[in-house]
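Heads up: the structure comes next, in structure tokens.
Computed from a prediction, not measured in an experiment: that's the story for all the values here.
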Amino acid sequence: VQLQASGGGLVQAGGSLRLSCVASGRTFRSYYMGWFRQAPGKERDFVAAIRGSGSITVYSNSVKGRFSISRDNAKNTVYLQMNSLKPEDTAVYYCAAGAVTDYSTVSEYNYWGQGTLVTVSS
């Protein structure tokens, strides 16, 4: 599985962005998809995840109520809609895929995209 993330950019605080991640391969719908982010000098942190069927979504406390994860299995694509962005959301955002048991753990995911930079100015 190869993942290609896009949609990052520069936005003012309070603005919105939508990230996309397109996956190759026929097994997309069998994988949990996750979004993680990594700010300079910090560890990669969990943001959101969605079950293969799309029936379950989970979020970190820091983005709950502002971000929304979704997927379109017909297009092999997962999205992250980010609203009410804050400067502390600035990071490189990564999408990941895997047959996970702990959706918030980096090591559970087998496949990673290249990352897309989100910069939120104050």
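- To the nearest 0.5 Å, atoms CD (Q4) and OG1 (T116) are separated by 9.0 Å.
- With values rounded to the nearest 0.5 angstrom, R18 atom CZ is found 12.0 Å from S16 atom OG.
- You'll find the side chain of Y79 reaches within 4.5 Å of the side chain of D72, heavy atoms only.
- A heavy-atom distance below 4.5 Å is not found between the side chains of D89 and M82.
- The neighbour count for R51 CZ, taken as heavy atoms of other residues, nucleotides or ligands under 6.0 Å away, does not exceed 12.
- Legend: side chain to side chain donor-acceptor pair (under 3.5 Å) pairs involving residues 93-105, not counting sequence neighbours, sorted by first then second residue: R37-Y93, T101-E108, D102-S104, D102-T105.
- One finds the CD1 atom of I69 at 12.0 Å from the CD atom of Q81 (value rounded to the nearest 0.5 Å).
- Here the closest non-hydrogen pair linking L10 and S121 is CD1-CB, 4.4 Å.
- Hydrophobic clustering (side-chain heavy atoms under 4.5 Å, transitive across Ile, Leu, Val, Met, Phe, Trp, Tyr) keeps L80 apart from V100.
- One N or O on the side chain of T77 and one on the backbone of K75 form a donor-acceptor pair closer than 3.5 Å.
- Hydrophobic clustering (ILVMFWY, side-chain heavy atoms < 4.5 Å, transitive): I56 and F46 are in one cluster.
- The two residues Y31 and V1 make their nearest non-hydrogen contact at CE1-CG2, 3.6 Å.
- Neither L19 nor Y32 shares a network with the other; the hydrophobic side chains, linked directly or stepwise wherever heavy atoms of I, L, V, M, F, W or Y lie under 4.5 Å apart, form separate groups for each.
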>> Set out, in order, the CA-CA distance, both residues' side-chain angles and the distance that settles side chain to side chain contact (heavy atoms under 4.5 Å, CB included) for C95 and Y111, then state yes or no.
In response: CA-CA 8 Å; C95 59; Y111 307 101; over 6 Å; no
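- Residues L3 and V92 do not share a hydrophobic cluster, clusters being chains of Ile/Leu/Val/Met/Phe/Trp/Tyr side chains in contact below 4.5 Å.
- At least one donor-acceptor pair under 3.5 Å links the side chain of T90 to the backbone N or O of V120.
- Between L85 and F67 the shortest side-chain heavy-atom distance falls below 4.5 Å.
- With rounding to the nearest 0.5 Å, the separation of OG1 in T57 from CZ in R71 is 11.5 Å.
- Side-chain atoms of Q114 come within 3.5 Å of backbone N or O of A5 as a donor-acceptor pair.
- With hydrogens and angles disregarded, a donor-acceptor distance shorter than 3.5 Å links the side chain of N76 to the backbone of A23.
- V22 and Y109 end up in different hydrophobic clusters when Ile, Leu, Val, Met, Phe, Trp and Tyr side chains are linked at under 4.5 Å.
- Closest heavy-atom contact between P87 and S122: CG-CB, 3.8 Å.
- Within a 6.0 Å radius of CD in E88, other residues, nucleotides and ligands contribute more than 12 heavy atoms.
- Under the 3.5 Å distance criterion, the side-chain polar atoms of N73 are matched with a main-chain donor or acceptor of G52.
- Under a cut-off of 6.0 angstrom, the local environment of CZ in R44 is crowded, with over 12 non-hydrogen atoms contributed by other residues, nucleotides or ligands.
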